[in-house]
Amino acid sequence: MTQQVTARDLSVRMRDFEGVAGPRAPLYQRLAGGLADVPEVLDLLAEAPGPNQLPVTLLAAVHDLLLADPSAPLAAYYPNLTADPRRDDPVPAFVGFCRERRDEVAELVRNRTPQTNEIGRSALLLVGMARVAADVGDLAHLDVGASAGLNLLVSEYGYDYAGHRLGGRRLVISCTPRGDRPELLPARIPRVVARLGLDRSPIDLADAEQVRWLRACVWPDQTDRFERLGTAIQLAREAGVQVRAGDAATALASTAVALPVGHLVITTSWVLNYLDRAGRDAFLGELELIAQHRDLSWVCAEAPAYAPGLPCPPGMEDSTLTLLNVTRWRDGRRSVEHLATCHPHGYWLTWLA
């Protein structure tokens, strides 16, 4: 059983998230800084299952209710819900909202998991997938923690890496590379011959409430993310992406069997932090089990500090930066390539030496 964290731990997590939110999410930055010292709000977050006791869980729950009812006074602070958002301290209004609608917020916190369908991460996954495809050819893509399956469409999006452009036009994702490693940029979009998602609680794109939760997990300051999410949802509906219900720690090998054609590429992006250490070890064990029967590659964009035990360069074990790795199994032998540190939503990547 996952051990619940203490109120002090939750306060520290709020402070950490204050730094993560940074200049691109000033509303969440201000909320996280103020809520770190509000015990009744931290108690509400403590209602979440252990792996979900993260600031984004509470923030998404409140955002979901505001999307359903934008007439609430707190909505006046949200840039995606009002044309002229208030600039004064939002913390009192947030605390008041949580107090008035505690039961509804608690229900969402207990039963919903923050969704990882950040489309910008496809620009990171593409870097690793293209390197794999250059060696093995056609790919079979299995995305773990796939949510609604939007990052299964890596090969269908367009990309702009600071002028290095490739792919489609309906949705173009921009990512700024840092450092002089042009040979690591994708030369072409890989050919994906099969794709499938795996998620503990898949999002049904035909269900309006579930789609609202997907939108609620987007940070309200970042209107560009809302726009590209809407386009990606439409593309996914047209493509008929499939996501199976199952746990990353127990269902990976059995799900991979459904992709017999193409070189198997498994992707994760800010997913394994929602597993405890035993769950992550079981996930890695599933990878090794698959490698006994077929070659595969794992493209991973995760933060080592929040997912201990993942392969990372020496000295980065406690890093909160997103680390982009490609782990390969060939004839049962494993090798790891550390490519870059990245923005968690894919806005930039910094090549590693």
Side-chain angles (χ1 to χ4, degrees), residues 1-82 84-116 200-201 209-210 212-222 270 273-276 303 305-306 320 344:
M1 179 178 294
T2 302
Q3 185 177 0
Q4 296 278 315
V5 298
T6 67
R8 184 175 182 276
D9 292 330
L10 294 177
S11 179
V12 170
R13 289 183 183 185
M14 279 290 182
R15 294 290 185 198
D16 288 345
F17 184 72
E18 180 185 13
V20 170
R24 281 194 54 82
L27 175 62
Y28 276 4
Q29 184 182 43
R30 296 180 72 191
L31 284 172
L35 297 175
D37 298 319
V38 182
E40 67 179 294
V41 172
L42 298 179
D43 289 344
L44 192 54
L45 178 55
E47 298 269 351
N52 290 356
Q53 290 178 348
L54 304 168
V56 290
T57 303
L58 175 64
L59 293 168
V62 170
H63 194 192
D64 181 89
L65 295 173
L66 292 175
L67 288 168
D69 178 18
S71 66
L74 177 61
Y77 291 90
Y78 282 61
N80 63 312
L81 297 177
T82 182
D84 185 23
R86 291 180 58 167
R87 305 295 182 186
D88 57 307
D89 184 5
V91 173
F94 190 97
V95 174
F97 184 91
C98 289
R99 187 177 296 138
E100 293 168 11
R101 303 183 65 173
R102 189 186 193 286
D103 290 347
E104 294 169 273
V105 176
E107 179 72 13
L108 289 171
V109 165
R110 290 190 203 107
N111 296 295
R112 294 293 183 94
T113 297
Q115 295 295 323
T116 58
R200 187 180 300 165
S201 302
E209 287 192 3
Q210 292 190 42
R212 188 178 72 224
W213 176 251
L214 200 60
R215 296 179 62 226
C217 292
V218 177
W219 300 357
D221 294 288
Q222 300 174 353
W270 276 86
N273 54 300
Y274 293 108
L275 300 178
D276 58 19
Y306 303 128
T320 59

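The shown structure was predicted, so the numbers you read here are calculated from the model rather than taken from an experiment.
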*Look at the rings of Tyr28 and Tyr78 and say which category their plane angle falls in: under 30° parallel, 30 to 60° tilted, over 60° perpendicular.*
perpendicular
*Apply side chain to side chain donor-acceptor pair (under 3.5 Å) to Asp43 and list each qualifying residue two or more places apart in sequence or on a separate chain.*
none
*With sequence neighbours left out, write down each residue that passes side-chain contact (heavy atoms from CB on, under 4.5 Å) with Thr82, or none if nothing qualifies.*
Pro85
*Taking side-chain contact (heavy atoms from CB on, under 4.5 Å) as the test, write out the residues that go with Leu42, two or more places apart.*
Leu10, Ser11, Met14
_If the condition is salt bridge (charged side-chain N to carboxylate O under 4.0 Å, His left out), which residues does Arg99 pass it with, not counting sequence neighbours?_
Glu40
*Qualifying salt bridge (charged side-chain N to carboxylate O under 4.0 Å, His left out) pairs, either residue in residues 21-32, two or more places apart*: Arg24-Asp224
*Tell me, please, which residues at least two apart from Glu100 pass side-chain contact (heavy atoms from CB on, under 4.5 Å).*
none
*Set of ring-ring contact (aromatic ring centres under 6.0 Å, His included) partners for Phe17, sequence neighbours left out*: Trp219
*Could you list the residues that satisfy side chain to side chain donor-acceptor pair (under 3.5 Å) with Gln29, not counting sequence neighbours?*
none
_Under the rule for salt bridge (charged side-chain N to carboxylate O under 4.0 Å, His left out), what residues qualify as partners of Arg86, not counting sequence neighbours?_
Asp88
*Output all residues satisfying side chain to side chain donor-acceptor pair (under 3.5 Å) with Arg101, sequence neighbours left out; order by chain, then residue number.*
Glu104
Got a list of side-chain donor-acceptor pairs under 3.5 Å for residues 89-98, not counting sequence neighbours?
unit_1 : atom_1 : unit_2 : atom_2 : d
Asp89  : OD1    : Val91  : N      : 3.0

*Test side chain to side chain donor-acceptor pair (under 3.5 Å) applied to Arg212 - qualifying residues, sequence neighbours left out*: Asp64
